[in-house]
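Below is one structure; the comments refer to it alone.
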Amino acid sequence: MAAKPKLLVLELWGLGDLVIATPFLRAAAEKFTVTLLAKPFALELQPRLWPAVQVLPCTPPWTAFRGKYHFWRWPWREMLQLRQRLMAEKFDCAVSARWDPRDHFVLKLSGARERFGFPRLNSGRFLTQSLTQPGPLAHRSEFWRTAGHALGLELPAREEMIPPPRRHQSIALIHTGARLPARVWPLENFQRLATRLREKNVLVQIACDPNQLAWWQGQGENATCPHNVTELFTLVDRAGIFIGNCSGPGHLAAICGVPTFTIYGPSLHEWFAPMHPAAEIFEGRACPYKPCSDYCRFAKPFCLGDVKADEVWPRVEKFVERHLPPASQRRIE
């Protein structure tokens, strides 16, 4: 039996970005021997989401939130060793679904014979095949679909994805964190949603980021703070629904088959809606600078801060009715 061609895949950013690449990685692993260059948390995702993919952990310095171009602090020795390791693999193909010249330069340095990507700022010089972007409001998964088509892979659209089968669960998992502070809905709003859910006999589990834990404990809430992806998987597996910000945990819940309700502020749901056909969104206030990348131009992100729990609750109430069993059938633990 002939060996599969070797494919290098780059997804160097956040948890949500990597989860969105899951359909591509699964399809690619059927045709290629796939190596994924990604941040170390990909090692925790791999056994559950794409076990046939080999993960090569890497934290590029340009993905840091601050000081990303302090070149004198870059780990140059480790970066050289990584390049040597990539060259030694002799990849047949390499691909990135980002229009990021830094990704394309890495593809070039890998020595891959064919290199696929979406060129920007003359980065097409590092590619052997330049791909056309799907459109200004295309979901991020559409970029992976386009890349997949170039590699002979057929991927379903986000709306066509079939969620994996799950055991019926009754817990509403509310995760109040996000990688970027500008994407965090005020905690008191999540608290009000939790109170209303409990008034309807819905079991609620609060999860949060480390810097939010003291606030929740001060409110008398038995909140949990997952410290890694494995702990987050455990919470998701016990959840019947997920409520939260535009964040990695919401994307992870969706790909595991949990219906999600996401409150969006500075990011575009057209780009980043979770990968579940039942995913619902609540759009925050309009802003002329939306979408924002890392920072808000104002003292506080009013696109989220001005949205009150009373506005969101009617949508959440209907979401719960659709996806959780009636109160009489819920287990009280």
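Position 1 is the first residue of the sequence; numbering continues from there. Since we're looking at a predicted model, the values are computed, not measured.
Residues Ser110 and Leu8 share a closest heavy-atom pair of CB-CD2, 3.7 Å. Between Pro259 and Ala278, the shortest heavy-atom distance links the atoms CB-CB, 4.3 Å. Contact record, Phe32 with Cys93: CE2-SG, 4.3 Å, taken as the closest heavy-atom pair. When all heavy atoms of Ala178 and Asp209 are compared, the pair lying nearest together is N-OD2, 3.0 Å. The two residues Ser267 and Arg183 come nearest to each other via the heavy atoms CB-NE, 4.3 Å. Glu231 and Cys225 make their closest contact through OE1-O, 3.9 Å (heavy atoms, listed as atom of the first residue, atom of the second, distance).
Using modelled atom types, no side-chain atom of Trp74 and backbone atom of Met79 make a donor-acceptor pair closer than 3.5 Å. Arg285 places a side-chain N or O within 3.5 Å of a backbone atom of Asp306 that can act as its donor or acceptor partner. In this structure, the side chain of Asn245 engages the main chain of Trp185 through a donor-acceptor pair within 3.5 Å. With hydrogens and angles ignored, the 3.5 Å screen pairs a side-chain donor or acceptor of Arg166 with a backbone N or O of Ala239. Panel note: side chain Tyr264, backbone Phe272; a donor-acceptor pair is recorded below 3.5 Å. Without hydrogens or angle criteria, Thr234 side chain to Thr230 main chain gives a donor-acceptor distance under 3.5 Å. No donor-acceptor pair closer than 3.5 Å links the side chain of Glu89 to the backbone N or O of Leu86. One N or O on the side chain of Lys4 and one on the backbone of Ala29 form a donor-acceptor pair closer than 3.5 Å. Remark: side-chain polar atoms of Gln46 are paired, donor with acceptor, to backbone N or O of Val53 under 3.5 angstrom. Between the side chain of Asp92 and the main chain of Lys6, a donor-acceptor pair closer than 3.5 Å is present.
Salt bridge annotation for Glu221-Arg198: present, with a cationic side-chain nitrogen under 4.0 angstrom from a carboxylate oxygen. Between Glu280 and Arg322, at least one side-chain N (NZ, or NE/NH1/NH2) sits under 4.0 Å from a carboxylate O, which counts as a salt bridge. Under 4.0 Å is where a charged nitrogen must lie from a carboxylate oxygen, and between Lys308 and Asp310 no such pair does. Salt-bridge formation is not detected for the pair Lys318/Glu321: no Lys NZ or Arg NE/NH1/NH2 atom is positioned less than 4.0 Å from an Asp or Glu carboxylate oxygen.
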Verdict with supporting geometry, Asn189 and Val312, side chain to side chain contact (heavy atoms under 4.5 Å, CB included):
CA-CA 9 Å; Asn189 288 323; Val312 179; over 6 Å; no
Salt bridge (Lys or Arg N to Asp or Glu O under 4.0 Å) assessment of Arg98 paired with Asp103:
CA-CA 7 Å; Arg98 290 184 170 272; Asp103 273 24; 5.0 Å; no
Let's go through Glu317 and Lys200 carefully: what are the C-alpha distance in whole Å and the side-chain angles of both, what is the deciding distance for salt bridge (Lys or Arg N to Asp or Glu O under 4.0 Å) to 0.1 Å, and is it a yes or a no?
CA-CA 9 Å; Glu317 186 176 26; Lys200 289 184 166 290; 3.0 Å; yes
Begin from the C-alpha positions of Phe116 and Leu127 and carry the test side chain to side chain contact (heavy atoms under 4.5 Å, CB included) through to its verdict.
CA-CA 6 Å; Phe116 301 79; Leu127 306 171; over 6 Å; no
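Test Leu18, Asn228, Val55 against Phe41 for side-chain contact (heavy atoms from CB on, under 4.5 Å) and you get one pass: Leu18.
Annotation: cation-pi geometry satisfied between Arg140 and Phe143 (NZ/CZ under 6.0 angstrom from ring centroid, within 45° of ring axis).
Put simply, Trp62 and Phe65 are part of two different groups of oily side chains (I, L, V, M, F, W, Y) that touch within less than 4.5 Å, one to the next. Residues Met161 and Trp50 fall within the same hydrophobic cluster, defined by Ile, Leu, Val, Met, Phe, Trp and Tyr side chains chained together at heavy-atom separations under 4.5 Å. Hydrophobic clustering of Ile, Leu, Val, Met, Phe, Trp and Tyr side chains at less than 4.5 Å, counting indirect connections, keeps Val236 apart from Met275. In the hydrophobic clustering of ILVMFWY residues, with side-chain heavy atoms under 4.5 Å counting as a link, Val34 and Leu43 come out together. Note on Leu304 and Phe261: same hydrophobic cluster, where clusters join Ile, Leu, Val, Met, Phe, Trp and Tyr whose side-chain heavy atoms are under 4.5 Å apart, directly or indirectly.
For the pair Ile243/Ile263, a side-chain contact is recorded, criterion being any heavy-atom separation below 4.5 Å from C-beta on. Side-chain contact between Ile241 and Leu324: present, with at least one pair of heavy atoms (C-beta onward) separated by less than 4.5 Å. A heavy-atom distance below 4.5 Å is found between the side chains of Leu56 and Leu82. A 4.5 Å side-chain heavy-atom check between Thr176 and Val184 finds every atom pair outside the cut-off. Within the 4.5 Å cutoff, the side chain of Phe126 has no heavy atoms near those of the Leu107 side chain. A 4.5 Å side-chain heavy-atom check between Phe302 and Cys287 finds at least one atom pair inside the cut-off. A heavy-atom distance below 4.5 Å is found between the side chains of Arg120 and Pro101. You'll find the side chain of Gln169 stays beyond 4.5 Å of the side chain of Asp237, heavy atoms only.
A ring-centre distance under 6.0 Å is not found for His269 and Trp271. Taking the six-membered ring for Trp and the full ring otherwise, the centers of Trp144 and Phe24 sit less than 6.0 Å from each other.
In the displayed structure, Arg85 atom CZ is contacted under 6.0 Å by at most 12 heavy atoms of other residues, nucleotides or ligands. The number of heavy atoms from other shown groups lying within 6.0 Å of NZ (Lys290) is above 12. Ile162 CD1: 12 or fewer foreign heavy atoms inside a 6.0 Å radius.
With rounding to the nearest 0.5 angstrom, the CG atom of Leu187 is 6.0 Å from the CH2 atom of Trp216. Cys208 contributes atom SG, which lies 4.5 Å from atom CG of Leu213 (distance to the nearest 0.5 angstrom). Leu268 contributes atom CG, which lies 11.0 Å from atom NE2 of His139 (distance to the nearest 0.5 angstrom). In this structure, Leu173 CG and Ile206 CD1 are separated by 8.5 Å, a value rounded to the nearest 0.5 Å.
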